[in-house]
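Notes follow the structure.
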Amino acid sequence: MPEGPELHLASLYVNKVCDGVVFTGQIRKSEVSKCPDVPFTCKAYRITATSRGKEVKLTLTPIKSDDPKKTVNTGQADQPMEIFFRFGMSGYFSFTNEDEIPKHAHLRFYTTEKPCRVLSFVDTRRFGSWHPNGTWQPERGPCVMFEYKSFRENVVSHLSDRVFDRPICEVLLNQKYFNGIGNYLRAEILYRLNIPPFVPARTVLEGVESEDVCENEKPVYKHITGKKNSEKAQEKGVKGEASDLLRMCHTVPLEVVNLGGKGYNPADADYSGFVAWLQCYSVDGMKSVQDHNGRTIWFKVSSSCNLIYEAGFYISHLFKKICFFQGDPGPLLPKDSKSPRVKKRIKKDDQDHTYKKKKGRNRSESTIKKRMTKKETPKKAKDERQREAGSRRRKTERTQEVSTPRRRKSSKAEPTTGSLRRSRRFAK
DNA sequence: CGTCCACGTCTAC
DNA sequence: TAGACCTGGACGG
């Protein structure tokens, strides 16, 4: 579920389903979780939620008992408790009957109802975490969605920070400055502004005002249109991209909130709405490469002609910063960045197989040897194999090539046709 | 069956 | 700046 919008939608969900609901008793943790116990016991309490960037805070508020005698010396909480959640790659909240608790529900809050219901923190991969009596993580910057003003100020006042030497696509994942932006949002944001992903961040952000000149238009919560905002900005003489970038970091996530679904969540009934909203991330016809941290960055493909793209890529590498053709990843593209394997198109129009040449995936002898000589349990051996497969791929297969799936002309020219233009893995 | 990939941090060389 | 931490879906043989 989890970039800023999903975390916020999760907090809205909690507030909606827990409205008027009374919880009670121990908060229970799954056997397998390594997160802390939550030492909160109360005969009757309510749950509310708020979000900030990529964190959610649950507040457990005891309900005052009518009978003071009842709460004496029973270890009952009478003070509220705050629990801070991060969602990792797969966290979400679920409110169900007790017999419908999802698999991988690692923290559970029980209602007083009979039969009772349960608010669960579900996290398949367990990269998420919770922190009872914690705080918002202090290293994280202001929320791009709900602390917009201080978010801008925080970026603008720290542009001399060395982190802004990095490519803009990598800096957008830095939660010290862009709390709430994740992998799909960075692609969507850069795409909207036509900013090549591997341009130095400072170059893109130089000249940005800490105050958004459009801010009195008080965007955004409902009915934002990124286009209109940038047009307004231009009317007001803002120098294009740069000032828009911070604004886009605000408006694009809010668009997802306003979609009404649950954002990036394949299990959601409205998931197709989210998929249709994506313009770049994992969209068929877009290019993708690995950034410096091995994360896939999606960006715009030349709409007219791949030859122009290839030429632009070549020329820009000769002259570094000078040339940015449409589709150019930018000058800071890692030297050994490779594109992921070409993804299959959706079956329907999958007539042309010529582009599906698979990249070599031969394991080196040395890797095999290493594996054979290691002593480990069968399960560990499997994990190890997978890990080695991963790193071997990263180390041996990187090329300067960028994925340019040959396919029908980019759908940019034609009206969006929803999931039809998505790559297969996003079809639902 | 095996391999690759995924919405994110963390921390140990 | 690799890896570690995890599970499971999609895909290929």
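To find a chain, count down the sequence lines: A is the first, B the second, and so on, and within it residues start at 1. What you are looking at is a predicted structure, and each value in this text was computed from that prediction instead of being measured.
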Test of understanding: with ring pair (Phe, Tyr, Trp, His ring centres under 6.0 Å), list the residues that count as partners of A/Phe84, not counting sequence neighbours.
A/Trp136

A/Phe40: what forms a ring pair (Phe, Tyr, Trp, His ring centres under 6.0 Å) with it, not counting sequence neighbours?
A/Tyr45

Between A/Tyr184 and A/Arg86, which is nearer to the 5' end of DNA chain B once each is assigned its nearest nucleotide?
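Final value for this comparison: A/Tyr184.
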
DNA chain B in dot-bracket form (Watson-Crick or G-U pairs under 3.5 Å, [ ] crossing, | inter-strand) is ||||||.|||||.

Any donor-acceptor pair under 3.5 Å joining the side chain of A/Arg125 to the base of C/dC6?
yes

Determine, using ring centers only, whether A/Phe93 and A/Phe87 are less than 6.0 Å apart.
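Here the rings of A/Phe93 and A/Phe87 have centres that are less than 6.0 Å from each other.
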
Can you confirm whether or not the ring centre of A/Tyr13 sits under 6.0 Å from the ring centre of A/Tyr92?
no

Which of these nucleotides, [options], is closest to any side-chain atom of [X]?
{"X": "A/Asn183", "options": "C/dC6, B/dT9, B/dG8", "value": "B/dG8"}
{"X": "A/Tyr281", "options": "C/dG8, B/dG8, B/dA6", "value": "B/dA6"}
{"X": "A/Arg126", "options": "C/dG8, C/dC6, B/dT9", "value": "C/dC6"}

Using a cut-off of less than 4.0 Å, is there contact between a side-chain N or O of [X] and OP1 or OP2 of [N]?
{"X": "A/Thr296", "N": "B/dA6", "result": "yes"}
{"X": "A/Lys34", "N": "C/dC5", "result": "no"}
{"X": "A/Gln175", "N": "B/dT9", "result": "yes"}
{"X": "A/His104", "N": "C/dG8", "result": "yes"}
{"X": "A/His292", "N": "C/dT1", "result": "yes"}

Could you measure between the two P atoms, the one in B/dT9 and the one in C/dG9, and give it in whole Å?
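It works out to 24 Å between them.
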
For nucleotides C/dG3 and B/dC4, find the distance between their P atoms and express it as a whole number of Å.
15 Å

Restricting to salt bridge (charged side-chain N to carboxylate O under 4.0 Å, His left out), what partner residues turn up for [X], sequence neighbours left out?
{"X": "A/Arg166", "result": "A/Glu170"}
{"X": "A/Glu55", "result": "A/Arg86"}
{"X": "A/Asp165", "result": "A/Arg162, A/Arg202"}
{"X": "A/Arg46", "result": "none"}

To the nearest angstrom, how far is [X] atom [atom1] from [N] atom [atom2]?
{"X": "A/Asp291", "N": "B/dA6", "atom1": "CG", "atom2": "P", "value": "11 Å"}
{"X": "A/Gln290", "N": "C/dG3", "atom1": "CD", "atom2": "C1'", "value": "16 Å"}
{"X": "A/Tyr92", "N": "C/dC6", "atom1": "OH", "atom2": "P", "value": "19 Å"}
{"X": "A/Asn179", "N": "B/dG8", "atom1": "CG", "atom2": "C1'", "value": "12 Å"}

Could you list by number each residue of residues 127-139 of chain A showing a heavy-atom separation from DNA chain C of less than 4.0 Å, or answer none if no residue does?
A/Phe127

Can you tell me which residue pairs pass the salt bridge (charged side-chain N to carboxylate O under 4.0 Å, His left out) test with a partner in residues 30-40 of chain A, sequence neighbours excluded?
A/Lys29-A/Asp37

Classify A/Arg140 by what it touches in the nucleic acid, base, sugar-phosphate, or nothing, heavy-atom distance under 4.0 Å.
sugar-phosphate

Could you go over nucleotides 11-13 of chain B and give all protein N or O partners under 3.5 Å, atom names and distances?
none

Considering residues at least two apart in sequence or located in another chain, which fulfil the side chain to side chain donor-acceptor pair (under 3.5 Å) criterion with A/Asn97?
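Residues passing side chain to side chain donor-acceptor pair (under 3.5 Å) with A/Asn97: A/Glu100.
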
Please list, one pair per line, the donor and acceptor atoms closer than 3.5 Å that link side chains of residues 178-190 of chain A to other protein atoms, with sequence neighbours excluded.
{"unit_1": "A/Asn179", "atom_1": "OD1", "unit_2": "A/Lys54", "atom_2": "N", "d": "3.0"}
{"unit_1": "A/Asn179", "atom_1": "OD1", "unit_2": "A/Arg140", "atom_2": "NE", "d": "3.1"}
{"unit_1": "A/Asn179", "atom_1": "OD1", "unit_2": "A/Arg140", "atom_2": "NH2", "d": "3.3"}
{"unit_1": "A/Asn179", "atom_1": "ND2", "unit_2": "A/Gly141", "atom_2": "O", "d": "2.9"}
{"unit_1": "A/Asn183", "atom_1": "OD1", "unit_2": "A/Arg186", "atom_2": "NE", "d": "2.7"}
{"unit_1": "A/Asn183", "atom_1": "OD1", "unit_2": "A/Arg186", "atom_2": "NH2", "d": "3.0"}
{"unit_1": "A/Asn183", "atom_1": "ND2", "unit_2": "A/Thr296", "atom_2": "O", "d": "3.1"}
{"unit_1": "A/Tyr184", "atom_1": "OH", "unit_2": "A/Glu6", "atom_2": "OE1", "d": "3.3"}
{"unit_1": "A/Tyr184", "atom_1": "OH", "unit_2": "A/Glu6", "atom_2": "OE2", "d": "2.6"}
{"unit_1": "A/Arg186", "atom_1": "NH1", "unit_2": "A/Cys169", "atom_2": "O", "d": "2.8"}
{"unit_1": "A/Arg186", "atom_1": "NH1", "unit_2": "A/Asp291", "atom_2": "OD2", "d": "2.9"}
{"unit_1": "A/Arg186", "atom_1": "NH2", "unit_2": "A/Asp291", "atom_2": "OD2", "d": "3.1"}
{"unit_1": "A/Arg186", "atom_1": "NH2", "unit_2": "A/Thr296", "atom_2": "O", "d": "3.3"}
{"unit_1": "A/Glu188", "atom_1": "OE1", "unit_2": "A/Gln279", "atom_2": "N", "d": "2.8"}
{"unit_1": "A/Glu188", "atom_1": "OE2", "unit_2": "A/Gln279", "atom_2": "N", "d": "3.3"}
{"unit_1": "A/Glu188", "atom_1": "OE2", "unit_2": "A/Cys280", "atom_2": "N", "d": "2.8"}
{"unit_1": "A/Glu188", "atom_1": "OE2", "unit_2": "A/Tyr281", "atom_2": "N", "d": "2.7"}

Below 30° counts as parallel, above 60° as perpendicular, anything between as tilted: where do the rings of A/Phe121 and A/Trp130 land?
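A/Phe121 vs A/Trp130 ring planes: perpendicular.
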
